[in-house]
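Notes for the one structure printed next.
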Amino acid sequence: MDSISLFNLGGKRALVTGSSRGIGFGIAAALAGAGAEVILNGRDPAALGDAASRLADDGALNVKALAFDVTSEDSVEDAIAHAETEIGPIDILVNNAGMQHRAPLEEWPLEKFRQVIDTNLTSAFIVGRAVARGMIARRHGKIINICSVMSNLARPSIAPYAASKAAIANLTRGMAVDWSKHGLNVNGIAPGYIRTELNEALLKNQEFNSWVEKRTPMGRWGDPAELGGAAIFLASEASTFVNGHILYVDGAFTATV
Ligand code: NDP
């Protein structure tokens, strides 16, 4: 295999959770650009329709949309069963759906804590388990879990978020330990500060913007499209012996921790 075809995802089918916008959309666009059929996901069918149209306008040939809530075991099981029978086997799964909430820790309602853990962590288990069954039967599959620079750090007002991201990093290693013997590669991508709706309030805060620019050695926020290359690498035959690894895409943020 030559070095360019190592990254070719032609004939592969990828499900990217939380891909109606932000990092998930950036990753879905990159995988589609490398030749994969892409299944977009989110909870809002209208937003998914818009996202699918944008990908098609950019030249993606094969885009589907599957609305389901990644925190609901029943919805996930139904959606994955539907996808595998009606659309086709899933070769690549990106567990990307996530949420953030900010408040001094003593003010976090338990309900919000649980929602963050369910959305950012439990979802990767529920969706990962449902998709891995088919991958294990076919003895091939690539799973990418979206972690964070907060997997290793504590910052004010986001302790439950950081806890969910620390846990998904170790879930990634555990999935690799259990599933690599069945032919799966399970890895993580840990983004730094990326311009998305999740950070809408922070992006409007000049003081926070200056902190991100100063704290990130590259001196700027990242763009969702800049996660695409790492996703193609981990989804492709270029990474057959990479397993249980967390790849930081953070403008050197963690290099200075
Ligand atoms: P956005 O808020 O821009 O996008 C989140 C996506 O997830 C949307 O498509 C949203 O669609 C979907 N989503 C949220 N909850 C659910 C749910 N319960 N079921 C299905 N889909 C859901 O966030 P980002 O793109 O910034 O974040 C994506 C991932 O990257 C998250 O895991 C986040 O923690 C991580 N990350 C982000 C960083 C950043 O700086 N932006 C840095 C490090 C990690 P809808 O609401 O319509 O369901």
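The chain is numbered in sequence order, starting from 1. Below, all heavy atoms of this structure are taken into account, side chains as well, without hydrogens, waters or symmetry copies. Whatever order the structure lists ligands and atoms in, that order sets their numbers, starting from 1.
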Can you name the nearest heavy-atom pair linking [X] to [Y], along with the distance?
| X | Y | answer |
| --- | --- | --- |
| Ala231 | Ile144 | O-CD1, 3.6 Å |
| Ile143 | Ala132 | CD1-CB, 4.4 Å |
| Leu66 | His82 | CD1-CD2, 3.8 Å |
| Thr196 | Gly22 | CG2-CA, 3.9 Å |

4.0 Å heavy-atom contact, [X] with ligand 1:
| X | value |
| --- | --- |
| Asn41 | yes |
| Met99 | no |
| Trp221 | no |
| Gly192 | yes |

What protein heavy atom sits nearest [atom], and how far off is it?
| atom | result |
| --- | --- |
| atom 6 (C) of ligand 1 | Gly18 O, 3.4 Å |
| atom 28 (C) of ligand 1 | Asn96 OD1, 3.2 Å |
| atom 33 (C) of ligand 1 | Tyr161 OH, 3.6 Å |
| atom 19 (N) of ligand 1 | Val70 N, 3.0 Å |
| atom 26 (O) of ligand 1 | Thr196 OG1, 2.5 Å |
| atom 1 (P) of ligand 1 | Arg21 NE, 3.5 Å |
| atom 13 (N) of ligand 1 | Ala97 CB, 4.0 Å |
| atom 9 (O) of ligand 1 | Ser20 OG, 2.7 Å |

**Request:** Taking the side chain as every heavy atom from C-beta outward, state whether Ile246 and Arg173 have any pair of such atoms under 4.5 Å apart.
**Result:**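 They are in contact (side-chain heavy atoms under 4.5 Å apart), so the answer is yes.
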**Item:** Salt bridge flag under 4.0 Å for residues Arg138 and Glu84
**Value:**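 The answer is yes: the pair qualifies as a salt bridge.
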**Asked** With a 4.0 Å cut-off, would you call Lys112 and Glu107 a salt bridge?
**Response**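 No, Lys112 and Glu107 are not salt-bridged.
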Taking only heavy atoms of [X] into account, list the atoms of ligand 1 that are under 4.0 Å away from them.
| X | value |
| --- | --- |
| Gly22 | 3 (O), 25 (O) |
| Ser19 | 9 (O) |
| Ile23 | 25 (O), 30 (O), 36 (N), 37 (C), 38 (C), 41 (N) |
| Asp69 | 17 (C), 18 (N), 19 (N) |
| Phe68 | 19 (N), 20 (C) |
| Gly98 | 5 (C), 7 (O), 14 (C), 31 (C), 32 (O) |
| Asp44 | 47 (O) |
| Glu197 | 3 (O) |

**Prompt:** Between Trp108 and His101, what is the ring plane arrangement, given parallel below 30°, perpendicular above 60°, and tilted in between?
**Reply:**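 If you compare the ring of Trp108 with that of His101, the planes turn out perpendicular.
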**Request:** Give the ring-plane orientation class for Trp221 versus Phe208, where under 30° counts as parallel, over 60° as perpendicular and anything between as tilted.
**Result:**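 Because their plane-to-plane angle lies in the 30° to 60° range, the rings of Trp221 and Phe208 count as tilted.
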Hey, does [X] come in under 3.5 Å of ligand 1, counting only N/O atoms on both sides?
| X | result |
| --- | --- |
| Thr71 | no |
| Asn120 | no |
| Tyr193 | no |
| Ile194 | yes |
| Thr119 | no |

Ligand 1-proximal atoms of [X], by part, heavy-atom distance under 4.0 Å:
| X | result |
| --- | --- |
| Ser123 | neither |
| Lys165 | side chain |
| Cys147 | backbone |

**Prompt:** Is the closest side-chain donor-acceptor distance between Arg215 and Thr256 under 3.5 Å?
**Reply:**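 Yes, Thr256 and Arg215 have a side-chain donor paired with an acceptor closer than 3.5 Å.
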**Item:** Heavy-atom donor-acceptor pair, Asp91 side chain to Lys142 backbone, under 3.5 Å
**Value:**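 Flag not set: sc Asp91 to bb Lys142 has no pair under 3.5 Å.
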